[in-house]
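To keep things clear, I will list the structure first and then write my remarks on it.
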Amino acid sequence: MLEPIEDWERSDYCGCLRIKDLDREVTLMGWIQSHRDHGGVIFVDLRDREGIVQVVFNPEISEESHKKGESVRDEWVIAVRGKVSERSADTRNPNLLTGEIEVIATEVKILNTSKVIPFQIENEINVDEHLRMKHRYLDLRRPIMRDNIISRHNMVAAARNYLNLEGFIEIETPYLTRSTPEGARDFLVPSRLNEGAFYALPQSPQLLKQTLMVAGFDRYYQIVRCFRDEDLRADRQPEFTQIDLEISFVKENDVMNVVEGMLKAIFKETKGLEIETPFKKMGYEESILKYGTDRPDTRFGLELQDISDIFENSDFKVFRGALDKGGIIKALNIKGKAGELSRKEIDALTEQAKTLGAKGLAWIKISGGEWQSPIIKFFSKQEKERLEKRLRMEDGDVVFFGADSAHVVNLVLSQLRLVLGERLGMIDQSIFNFLWIEDFPLFDYDQNEKRYVSKHHPFTSPREEDIKILDNDPAKVISKAYDIVLNGVEIGGGSLRIYRKDIQEKIFKAIGLKEEDAEEKFGFLLEALDFGAPPHGGIALGLDRIVMLLSGSQSIRDVIAFPKTQKGSDPLTEAPSEVDIRQLLELGIRADIKSKPE
RNA sequence: GGAGCCGUAGUUCAGACCGGUUAGAACGCUGGCCUGUCAAGCCAGAGGUCGCGGGUUCAAGUCCCGUCGGCUCCGCCA
């Protein structure tokens with residue numbers, strides 16, 4: 001039944017045929033999207049990567065082709081020769097780009113069959129993701145997935161094109177590199193030639209791209225895979241792709257200009273969208289204050305307000321207690337939406353807040369001039385007045401409160417802000433809202449390890465004016481780092497780097513890295529800094545996340561051809577897998593192998 | 001490491017709260033009819049290790065314990 005392709009050559013993509021191709025003899029090859037057998041005439045929707053066209057099998061045109069048309073099933077692969085003809089007015093399909101025409105089959109070859117597919121090849125499916133991944137070759141046949149992958153390709157092409165024209169040189173850095181156990185957990189690769197030693201897959205090419213600056217390649221980029229052995233999320237995979245770049249002899253704005261130009265080109269070329277540059281900028285402190293996060297979604301307002309001062313001497317134990325423990329109190333006023341939020345819904349939000357570590361979620365609802373709230377009875381008259389004035393509370397408002405450590409309050413209220421923004425339809429889904437966050441503190445204090453740690457990474461330059469307080473007031477030091485945020489998603493981060501050895505050593509000292517440890521881990525960089533390192537800076541953009549936002553996908557997995565599940569496994573290849581004991585012996589590695597029959 | 005939701009025909013789900021006859025529906029699949037459909041239609045039919053293991057019970061898809069897997073989130077992600 002199956003026939004070889006022989007000398008048949010495809011003349012067109014199914015999805016590309018139009019009325020302009022009328023009367024042409026074409027040869028198509030593709031998959032059967034659906035077949036409709038009317039006993040006489042048979043219709044087949046033939047699909048390839050460009051789309052679908054209707055093929056007609058008419059026994060009066062070709063008895064043999066019609067017979068084959070009767071036998072075919074969904075997802076079989078066929079080749080069709082036939083003539084492009086115009087559909088009559090009443091049989092046109094406006095839902096298909098090819099809907100004005102159809103191909104009348106004169107000759108057919110069945111190239112391959114298919115088992116019955118486990119899920120439909122169409123956009124709107126609701127199928128377990130494990131099943132989709134196990135049959136990824138089918139999942140990727142779905143138009144929406146195909147478009148995501150193609151859109152990703154177009155985006156990379158646009159980025160390369162822009163950077164090439166701007167004088168950047170793409171340079172590859174090794175994937176087998178050295179473990180530097182600062183930051184994320186490394187994926188390790190045992191070295192056979194050096195028993196007991198390991199390579200690490202790079203978390204980013206950070207140190208090597210800085211080395212390239214010292215080498216004089218003053219404008220570098222790379223579309224590069226990075227690896228981090230941490231837990232997965234909807235927007236986090238253990239291997240992901242960055243648009244990584246680094247430039248010598250620049251200031252923050254120069255890097256930002258390149259990124260803005262590149263994103264402008266990408267959106268123009270892949271979406272036909274004009275995005276406005278330069279992007280808005282916001283200081284880290286302002287972002288935390290108003291939005292409770294360093295990646296605010298600024299497509300809508302709904303800002304948080306710090307009201308700690310109002311309750312400094314309050315009798316309300318919950319609020320006062322939070323303050324006494326060094327915490328804060330913040331409020332979120334949902335203007336005029338009291339009618340839209342039921343008590344039941346507020347209770348559900350409270351439960352949600354608890355999963356984030358809050359002890360509860362206080363609220364006040366104003367309706368008919370009445371303040372309804374389980375906590376209002378604990379407020380003094382003065383507190384009520386100051387609250388009303390500060391939050392501009394009016395009839396119809398709902399106010400939510402967070403009182404806890406700054407971390408919990410910001411986490412809970414920033415989440416609540418997003419949930420309510422979405423729920424109440426305050427977000428314009430058609431907008432792409434870019435924002436730079438700058439003036440990050442250089443360090444965070446790690447409570448567990450009782451030491452300062454780099455907020456960005458230890459090669460980030462502090463502001464010149466802060467170098468003198470590095471030793472005695474590290475918490476106050478501001479860095480020359482910048483993050484770029486799109487619709488509340490961090491899509492990239494970068495900084496001006498340290499290019500002087502003495503300052504780099506000071507930073508290592510500030511984060512408690514001993515001289516000999518610094519020497520062992522980063523000795524090559526420190527030495528390079530001693531051989532004429534130019535001032536330089538750069539950024540890394542998360543390619544997968546940008547494609548995710550650009551395509552309106554809910555998960556990064558939908559823009560990666562072969563992603564991993566939350567457990568880091570791949571249902572298609574069944575990676576990771578156990579390995580042969582002989583492989584381990586060669587590597588000088590012992591492991592607890594669960595015995596597994598052949 | 002922790003929290004939540006989910007797992008029943010090929011697929012998506014109902015059945016579970018309140019244990020009891022032969023586990024249902026839709027789509028898909030198979031066969032038949034059908035010359036203008038495009039989510040084709042009509043008729044007939046097949047299809048189940050209720051994720052897995054253990055427990056309670058006269059009796060478990062349903063209750064209990066454990067475990068595996070998928071998703072979301074916290075921690076983690078310099």
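The chains referred to below are lettered A, B, ... by the order of the sequence lines, with proteins before strands, and numbering in each begins at 1.
Distance CG/A:L529 to CD/A:Q504: 6.0 Å, rounded to 0.5 Å.
In this structure, A:D186 atom CG and B:rC77 atom C1' are separated by 12 Å, rounded to whole Å. Atom CZ of A:F43 is separated from atom P of B:rA39 by 13 Å (rounded to the nearest Å). Between the CD atom of A:E490 and the C1' atom of B:rC77 there is a distance of 10 Å, rounded to whole Å. At whole-Å resolution of the value, CD1 in A:I556 and P in B:rC73 are 12 Å apart. The distance from atom CG of A:D444 to atom P of B:rC77 is 10 Å, rounded to the nearest whole Å. The distance between atom NE2 of A:H35 and atom P of B:rG41, rounded to the nearest whole Å, is 13 Å. For the pair A:I125 CD1 and B:rA26 P, the computed distance is 22 Å after rounding to whole Å. Residue A:H135 contributes atom NE2, which lies 19 Å from atom P of B:rG28 at whole-angstrom precision.
Between the side chain of A:R73 and the base of B:rU30 there is no donor-acceptor pair of N/O atoms closer than 3.5 Å. A donor and an acceptor atom never sit less than 3.5 Å apart when one is taken from the side chain of A:Q120 and the other from the base of B:rU11. The base of B:rC76 sits within donor-acceptor range of the side chain of A:R236, with an N or O pair under 3.5 Å. Contact of A:R92 with B:rC38 (side chain to base): no donor-acceptor pair of N or O atoms is detected under 3.5 Å.
Taking atom C1' on both B:rC65 and B:rG10, the two are 32 Å apart, rounded to the nearest angstrom. B:rC50 and B:rC58 have their C1' atoms separated by 22 Å, given to the nearest Å. Look at the C1' atom in both B:rG48 and B:rG15: the space between them is 14 Å, to the nearest Å. Nucleotides B:rU49 and B:rU11, compared at atom P, are 11 Å apart to the nearest Å. Comparing the same atom, P, in B:rA23 and in B:rG70 gives a spacing of 31 Å after rounding to whole Å. Rounded to the nearest Å, the gap between the C1' atom of B:rU21 and that of B:rC13 is 24 Å. Taking atom C1' on both B:rG61 and B:rU8, the two are 7 Å apart, rounded to the nearest angstrom. Of the C1' atoms belonging to B:rG69 and B:rA26, the separation is 26 Å, rounded to the nearest Å.
Remark: A:Y291 pairs with no residue by the ring pair (Phe, Tyr, Trp, His ring centres under 6.0 Å) rule, at least two apart or across chains. Contacts of A:Y499 classified as side chain to side chain contact (heavy atoms under 4.5 Å, CB included), with partners at least two apart in sequence or in another chain: A:A533, A:P535, A:H536. For A:Q222, the side chain to side chain contact (heavy atoms under 4.5 Å, CB included) criterion is met by A:E170, A:E172, A:T173, A:P205, A:Y220, A:V224, not counting sequence neighbours. Judged as a ring pair (Phe, Tyr, Trp, His ring centres under 6.0 Å), and not counting sequence neighbours, the contacts of A:F522 are A:F459, A:F508.
If you check every strand for non-hydrogen atoms under 4.0 Å, A:D74 touches sugar and phosphate atoms only. If you check every strand for non-hydrogen atoms under 4.0 Å, A:N93 touches a base. Contact annotation for A:E129: backbone-only contact, meaning every heavy-atom pair under 4.0 Å involves sugar-phosphate atoms and none involves a base. A:V127 comes within 4.0 angstrom of sugar-phosphate atoms only, judged by non-hydrogen atoms across all strands, and of no base. Backbone-only contact: A:S569 has heavy atoms under 4.0 Å from sugar-phosphate atoms and none from a base. Within 4.0 Å of A:S454, counting heavy atoms only, lie sugar-phosphate atoms of the nucleic acid but no base atom. Residue contacts for A:K567: at a heavy-atom cut-off of 4.0 Å it reaches the sugar-phosphate backbone alone, with no base atom in range. No contact: A:R132 has no heavy atom under 4.0 Å from any strand. Counting any heavy atom pair closer than 4.0 Å across all strands shown, A:H38 reaches a base atom. Among the heavy atoms of the strands lying under 4.0 Å from A:E60 is at least one base atom, whether or not backbone atoms are also near.
The phosphate of B:rC38 has neither OP1 nor OP2 within less than 4.0 Å of any side-chain N or O from A:R47. The shortest distance between the side-chain N/O atoms of A:H407 and the OP1/OP2 oxygens of B:rG75 is below 4.0 Å. At the phosphate of B:rA39, neither OP1 nor OP2 sits under 4.0 Å from any side-chain N or O atom of A:R36. Contact annotation: A:T98 side-chain N/O to B:rC38 OP1/OP2 distance is not under 4.0 Å. At B:rU35, none of the side-chain N or O atoms of A:N58 fall inside 4.0 Å of OP1 or OP2 (strictly under the cut-off). Residue A:S34 places none of its side-chain N or O atoms closer than 4.0 Å to OP1 or OP2 of B:rA39.
A donor-acceptor contact shorter than 3.5 Å is absent between the side chain of A:D12 and the backbone of A:C14. One N or O on the side chain of A:D37 and one on the backbone of A:G39 form a donor-acceptor pair closer than 3.5 Å.
Residue A:Q54 has its side chain nearest to B:rU37 when only B:rU37, B:rG69, B:rU72 are considered. Listed nucleotides: B:rC71, B:rU37, B:rC73. Nearest to the side chain of A:L356: B:rC73. Listed nucleotides B:rC38, B:rC74, B:rC77 differ in distance to A:R228; the shortest reach to its side chain belongs to B:rC77.
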Between the protein and nucleotides 1-10 of chain B, list every N/O to N/O distance that falls short of 3.5 Å.
unit_1, atom_1, unit_2, atom_2, d
B:rG1, O6, A:D231, OD2, 3.3

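Ring centroids of A:F43 and A:H38 are separated by less than 6.0 Å, placing the two rings close together. When ring centroids are compared, A:F240 and A:F227 stay outside the 6.0 Å threshold.
Other residues, nucleotides and ligands contribute at most 12 non-hydrogen atoms within 6.0 Å of the CZ atom of A:R295.
When both distances must be under 3.5 Å, the Watson-Crick or G-U wobble mate of B:rG24 is B:rC13. In this structure, B:rU72 forms a base pair with B:rA3, meeting either the Watson-Crick or the G-U wobble geometry with both donor-acceptor distances under 3.5 Å. Remark: B:rG53 base-pairs with B:rC65; criterion is Watson-Crick or G-U wobble with both hydrogen-bond distances under 3.5 Å. Checking B:rU30 for Watson-Crick or G-U wobble geometry (two distances, each under 3.5 Å) identifies B:rA44 as its partner.
Nearer the 5' end of RNA chain B, as judged by each residue's closest nucleotide, is the contact made by A:Q554, out of A:Q554 and A:K455. Both A:E102 and A:R295 lie close to RNA chain B; mapped to their nearest nucleotides by heavy-atom distance, the more 5′-ward contact belongs to A:E102.
By the 4.5 Å heavy-atom criterion applied to side chains, A:D21 and A:V26 are not counted as neighbours.
For residues 112-124 of chain A, there are no salt bridge (charged side-chain N to carboxylate O under 4.0 Å, His left out) pairs, not counting sequence neighbours.
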